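So the structure is just underneath, and the comments pick up after that.
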There are 2 protein chains.
Amino acid sequence: MSRCWVDGIEIDAVMADDRGLNYADGAFETLRCAQGRIECYALHRDRLAKALQVLRFAGAASIAEQIFEAVRGHLAGVKHSGPARLTVTRGSGPRGYCPPSNSNPRYVLSTATAAEAPDEPVRCGVSTVFWAEQPQLAGLKLLARTEQVLAAHEAMEKGWDDAMMLDSNGLVISSSRGNVFALCGNEFVTPSLCRCGIAGTRRQLLMERVLPELGFGVSERDISLQEMLSAEGVVISNAIRGIQPVLALNDRTYHLSALPIEAIKAALQEHVDACVD
Amino acid sequence: MSRCWVDGIEIDAVMADDRGLNYADGAFETLRCAQGRIECYALHRDRLAKALQVLRFAGAASIAEQIFEAVRGHLAGVKHSGPARLTVTRGSGPRGYCPPSNSNPRYVLSTATAAEAPDEPVRCGVSTVFWAEQPQLAGLKLLARTEQVLAAHEAMEKGWDDAMMLDSNGLVISSSRGNVFALCGNEFVTPSLCRCGIAGTRRQLLMERVLPELGFGVSERDISLQEMLSAEGVVISNAIRGIQPVLALNDRTYHLSALPIEAIKAALQEHVDACVD
């Protein structure tokens, strides 16, 4: 059963004057839980803190810490396993873009049942929707997600499992719901996210720990669609599904045997288990 | 007193699984009302329809029309005068960016008391926050307004009345809460909004009717900050305040006498009164 808390109260509604609703004035985290514990707790908390900092929430780091503490309590209390979503907004406010000086952040925590699609290989097309470049907000998981909504909608309409998303220069940034890694020789290339995109927690673990420990080089840089089509293999990562291999991108079919998927999965899960809290 | 309706029911809360809150999946209109009637009814309705169309709401135009009919009824019923906000979201949905195929749009209408700052001359600085360029969504009043929130916050912190906002190329796009017009010779220049920005209803009236009728040329094109600083005068337009002259932009002080403010205000109000519904 799905549950929902708003500022610690179990209720499934928020005030209509919430600035998250009215201006996308907030950020969120998609969490995976195991028996009431949050995987990659510190990575999620720190990314939230960074988003709130960029949004100029006063005391961003301590807000993120306090909210995560409260969230940990709720999830432990119901021993939740599966996905959960934590949304933090600037709370209620009067009409107008300017945040009220006395704003009180609000959090919404909701759990979902774990009936996710399995982490099977996915067939992707390339979305016609671009990521806008906004270096000042890049990497953050802010509430404003119009482009990903439209790309996911396009994938559904066209019968793809997921949509690869580019920026306006034709560089690959992500799929509609995850970060991407392309195997080029003995190196995994993952797009630089300094101009747009969301820097995922699993992307960080893969880059900093998992792939180097498996003997792969990791390069964070610009990668064109052409280069991704020429790669030996591609994987998509996110917090809920871990990693998924890409079976096809447009007309290009990848040989799944080129990727040590099971080894990466196992190593990623080991690191995830090590940072459960 | 401020009132709020959600899908026709007078209530001030929305479901926490609303996609407007969770993904900024929706659009809004800021309306000014006079004794229960909506100024520029058709312009607002048509802009909303366009936004819902770009967001791929099925039957966007008829949704916008039906919602505006309902909203007209609520506002007439309470004879509201002053600002109102209409938000339309894709409604509730499960976790995930992809809109549910059976989504039911939701609307939130809220009124505010008319205690707005008067339309006095404003002192502006230039925001350090840029408009991201996203031609696919430009001109629309979508819920995702992070950049304007941050620019308005910066204006407050720095003691400006409003913030001028540029794109990453240094071209002027708007202020944090309105469109801008610069008087250059006998012509008003207003920024082209094909890459970013919101195309306001009052901007449209000013461009198409008011300024030509007063004998001014109107040019919709790129305008650099330098050119705006060199202009004889600048005005900001939006639905609530009509037009406001800019008194200063950074160190540049404009001579307010260079602008026929009262004539423009009167002509704009005449056109607004002619399209009340």
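No experiment lies behind these values; they were computed from the predicted model shown. The chains referred to below are lettered A, B, ... by the order of the sequence lines, with proteins before strands, and numbering in each begins at 1.
For B:D25, the part lying near chain A is the side chain, with the backbone staying farther off; criterion is any non-hydrogen pair under 4.5 Å. For chain A, the nearby part of B:R19 is the side chain; its heavy atoms alone come within less than 4.5 Å. Contact of A:D18 with chain B is made through the side chain alone, with heavy-atom distances under 4.5 Å. For A:V108, the part lying near chain B is the side chain, with the backbone staying farther off; criterion is any non-hydrogen pair under 4.5 Å. Contacts between A:E133 and chain B at a heavy-atom distance below 4.5 Å involve the backbone alone (N, CA, C, O). The part of A:R90 that comes within reach of chain B is its side chain, from C-beta onward, which places non-hydrogen atoms under 4.5 angstrom from that chain.
Along residues 26-33 of chain B, the residues that come nearer than 4.5 angstrom to chain A, judged on non-hydrogen atoms, are B:F28, B:T30 in order of number. Within residues 51-62 of chain B, the residues having any heavy atom under 4.5 Å from a heavy atom of chain A are, by residue number, B:V54, B:L55, B:R56.
How far CG of A:L143 is from CG of B:L143: 10.5 Å, rounded to the nearest 0.5 Å. Separation of atoms CZ (A:R145) and OH (B:Y97) is listed at 5.0 Å; rounding is to 0.5 Å. To the nearest 0.5 Å, atoms CG (A:N22) and OG (B:S110) are separated by 6.5 Å. Annotation: the span from B:E157 atom CD to A:C98 atom SG amounts to 9.0 Å, rounded to 0.5 Å. Distance check: B:Q134 CD to A:F130 CZ gives 8.5 Å after rounding to the nearest 0.5 Å.
Chain A forms more heavy-atom pairs under 4.5 Å with one residue of B:E154, B:Q136, B:M15 than with any other, namely B:Q136. When the candidates A:A152, A:S168, A:C196 are compared by the number of heavy-atom contacts under 4.5 Å with chain B, A:A152 comes out ahead. For the set B:T128, B:V129, B:D17, the count of heavy-atom pairs under 4.5 angstrom toward chain A peaks at B:V129. Chain A forms the most heavy-atom pairs under 4.5 Å with one residue out of B:P135, B:A16, B:A144, and that residue is B:A16. Ranked by non-hydrogen atom pairs under 4.5 Å with chain A, the options B:T87, B:L150, B:T89 are led by B:L150.
Pairing each heavy atom of B:T146 with each of A:A24, the nearest pair is OG1-O, 4.0 Å. Taking each heavy atom of A:G20 and B:L21 in turn, the nearest pair found is C-CD1, 3.8 Å.
In the displayed structure, A:R123 atom CZ is contacted under 6.0 Å by at most 12 heavy atoms of other residues, nucleotides or ligands. Shown here is A:K50, whose NZ atom has no more than 12 heavy atoms of other residues, nucleotides or ligands within 6.0 Å.
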